[in-house]
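Residue numbers start from 1 in every chain, and the chains themselves are labelled A, B, ... in the order their sequence lines are given, proteins ahead of strands.
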Protein chains: 2
Amino acid sequence: MKDLLRPDLSFRLNGRLWIEGPTDRFMGIGRLELLQHVHALGSISKAAKAMDMSYKRAWDLVNSLNQQARQPLVSTQTGGSRGGGAVVTAEGQQLVREFEAMQARFEAFLAAETQRLAE
Amino acid sequence: MKDLLRPDLSFRLNGRLWIEGPTDRFMGIGRLELLQHVHALGSISKAAKAMDMSYKRAWDLVNSLNQQARQPLVSTQTGGSRGGGAVVTAEGQQLVREFEAMQARFEAFLAAETQRLAE
DNA sequence: TCTCGTTATATTTCCACAAACATAACGAAG
DNA sequence: CTTCGTTATGTTTGTGGAAATATAACGAGA
C-alpha cells in the first residue's frame, strides 16, 4: 500500500465511530468528551467553556442524548445559590464507560490496520 | 447498553474509515466506490452519472487521488471517437483491492461491536 | 472539417449547519 | 426583593463546501 503513496507526503489512517438513531445521532466521540467534561465540572456551561464550544451547542447535545435515552443521562437543575448545575446520572456514567471501551477497541483496530498499511 | 436506549427507537452502530494526507483526504469509502465505477464503466463521466454525482466532483476526486499517489491511479484520455475515457491503472486496482479488504475488516469489527451492544 | 462524448477547469450560486446573539426563567442566599 | 450563575430556548448571522453553471480542449471517425 505505502508504495502507492507519494513518499514526500505523510498519510495516516483515521476513522470515526458512532451510534445513530432514526433521526439524530445518539453517541459519538464528541458527545463522549462532553459527558466527561460535564461529569468533571458539574455544569453544562463550564463543560462548554472548557471545550471551547457554545453553551447552546452543548445544551442541544445534552438534550439530544436525554431525549433518546430511556432515562436521563444528564440531570440538570436551574436556579439556586450557584445558579444550578448538571450531573451525569448513573446511566450516563454507564454509557460513558461502555462507549469509552468501544472507542478504545476501535483505536486498537486502527493501530493494527495502520501497522498493516506500513508493510 | 441497549437498556439505556429508548425502546421505541431503533439504533445502530456506524462508522467511517479513511486515509488522510497532510492537506486532503486520500482514500475513503466514497472514493472506493468511485474507482469501482470508473473501472467498470471506463469513464469518469459515466461513473459520476451512475453515482448521481456531478462530473466535476468526480473529476476532482480522481484528481486528488492522482495528485497524492506516486503513480497515476486513474489514467485518462481526451478526444477520440468515443470522446475519451478513463481506466483504473494496475496501481489503482491494487489500492481498490487493499482498501476493500480493510473496509471488510472494519465492517466485521462493526458487526462484532454491534453484537456486543445488544447484550 | 464537422460532430460527438469526453476530459479539464474556472466561476457563481446555493444551502445545510454551526456560530453568534438575545432573552427569559429559575431559585438559594443575603 | 435583588443578585448571580446557571439552565432553557428562539432568532439571526456567517461560512465552508457542495452543487450548479459555463466553457474550452481534445481527437478519432465520418
Side-chain angles (χ1 to χ4, degrees), chain A residues 14 16 18 20-26 28-31 33-35 37-69 71-89 92, chain B residues 16 18 20-31 33-35 37-69 71-89 92:
Chain A
N14 206 345
R16 285 286 181 282
W18 66 89
E20 60 194 22
T23 59
D24 282 341
R25 173 165 304 196
F26 174 64
I29 182 74
R31 290 168 191 234
E33 285 171 14
L34 177 60
L35 287 175
H37 278 90
V38 170
H39 184 59
L41 300 173
S43 111
I44 296 176
S45 76
K46 281 179 186 149
K49 208 158 289 177
M51 298 178 68
D52 197 37
M53 174 187 292
S54 77
Y55 168 78
K56 183 179 196 314
R57 172 148 181 73
W59 186 89
D60 283 345
L61 291 174
V62 167
N63 186 243
S64 163
L65 280 163
N66 279 342
Q67 294 287 332
Q68 297 183 82
Q71 283 170 311
L73 303 175
V74 173
S75 145
T76 61
Q77 196 174 353
T78 69
S81 65
R82 299 215 168 76
V87 300
V88 178
T89 65
Chain B
R16 285 286 182 282
W18 67 89
E20 60 193 23
T23 59
D24 282 341
R25 173 165 304 196
F26 173 64
M27 192 62 189
I29 180 73
R31 289 168 191 235
E33 286 170 13
L34 178 60
L35 288 175
H37 278 90
V38 170
H39 185 59
L41 301 173
S43 112
I44 297 177
S45 75
K46 281 180 186 149
K49 209 159 289 178
M51 298 179 68
D52 196 37
M53 176 187 290
S54 76
Y55 168 77
K56 182 179 196 316
R57 173 148 181 72
W59 185 88
D60 283 346
L61 291 173
V62 166
N63 186 244
S64 164
L65 280 163
N66 279 342
Q67 293 289 331
Q68 298 182 82
Q71 283 170 310
L73 304 175
V74 174
S75 145
T76 61
Q77 196 173 353
T78 70
S81 65
R82 299 216 167 74
V87 300
V88 178
T89 64

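- To the nearest angstrom, P of dT7(C) lies 13 Å from CG of N63(B).
- In this entry the distance linking OH of Y55(A) with P of dT23(C) reads 17 Å, nearest Å.
- In this structure, the side chains of T76(B) and N66(B) stay at 4.5 Å or more apart for every pair of heavy atoms.
- When the side-chain nitrogen and oxygen atoms of S45(A) are compared with OP1 and OP2 of dT7(D), one or more of them lie within a distance under 4.0 Å.
- The interatomic distance linking I44(B) (CD1) with dG5(C) (C1') rounds to 13 Å, in whole Å.
- Other residues, nucleotides and ligands contribute more than 12 heavy atoms inside 6.0 Å of the CD atom of E20(B).
- Residues S43(A) and G79(B) each lie close to DNA chain D; by heavy-atom proximity, the contact nearer the 5' end of the strand is made by S43(A).
- One interatomic measurement links the two molecules: CG of D60(B) to C1' of dA19(D), which rounds to 12 Å at whole-angstrom precision.
- Using a 4.0 Å cut-off, no side-chain N or O of S54(A) falls inside it from OP1 or OP2 of dA18(C).
- Straight-line distance from the CG atom of N66(B) to the P atom of dT7(C): 13 Å, rounded to whole Å.
- Residue whose closest nucleotide on DNA chain C sits further toward the 5' end, between M53(A) and Q77(B): Q77(B).
- The nearest whole Å value for the distance from the CZ atom in R82(A) to the C1' atom in dA29(C) is 11 Å.
- Residue W59(B) has a polar side-chain atom (N or O) positioned under 4.0 Å from OP1 or OP2 of dA8(C).
- When all heavy atoms of A48(B) and Y55(B) are compared, the pair lying nearest together is CB-CA, 3.9 Å.
- To the nearest 0.5 Å, atoms CG (D60(A)) and CE (M53(A)) are separated by 10.5 Å.
- Going from atom CG of L61(B) over to atom P of dG17(D) covers 14 Å, rounded to whole Å.
- Listed pair R57(A) / dA19(C) meets the phosphate criterion, a side-chain N or O lying under 4.0 Å from OP1 or OP2.
- Side chain to side chain, S64(A) and R31(A) meet the donor-acceptor criterion of an N or O pair below 3.5 Å.
- In this structure, M51(B) places its CE atom 15 Å from C1' of dA18(D), rounding to the nearest Å.
- Residue K56(A) places no side-chain N or O under 4.0 Å from the OP1 or OP2 atom of dA19(C).
- Side-chain atoms of T78(A) lie closest to dT7(D) of the nucleotides dT7(C), dT6(D), dT7(D).
- Along DNA chain C, the nucleotide nearest G42(B) and the nucleotide nearest G83(A) are compared for position; the residue whose nucleotide lies closer to the 5' end is G42(B).
- Note on S81(B): every side-chain N or O is 4.0 Å or more away from OP1 and OP2 of dG5(C).
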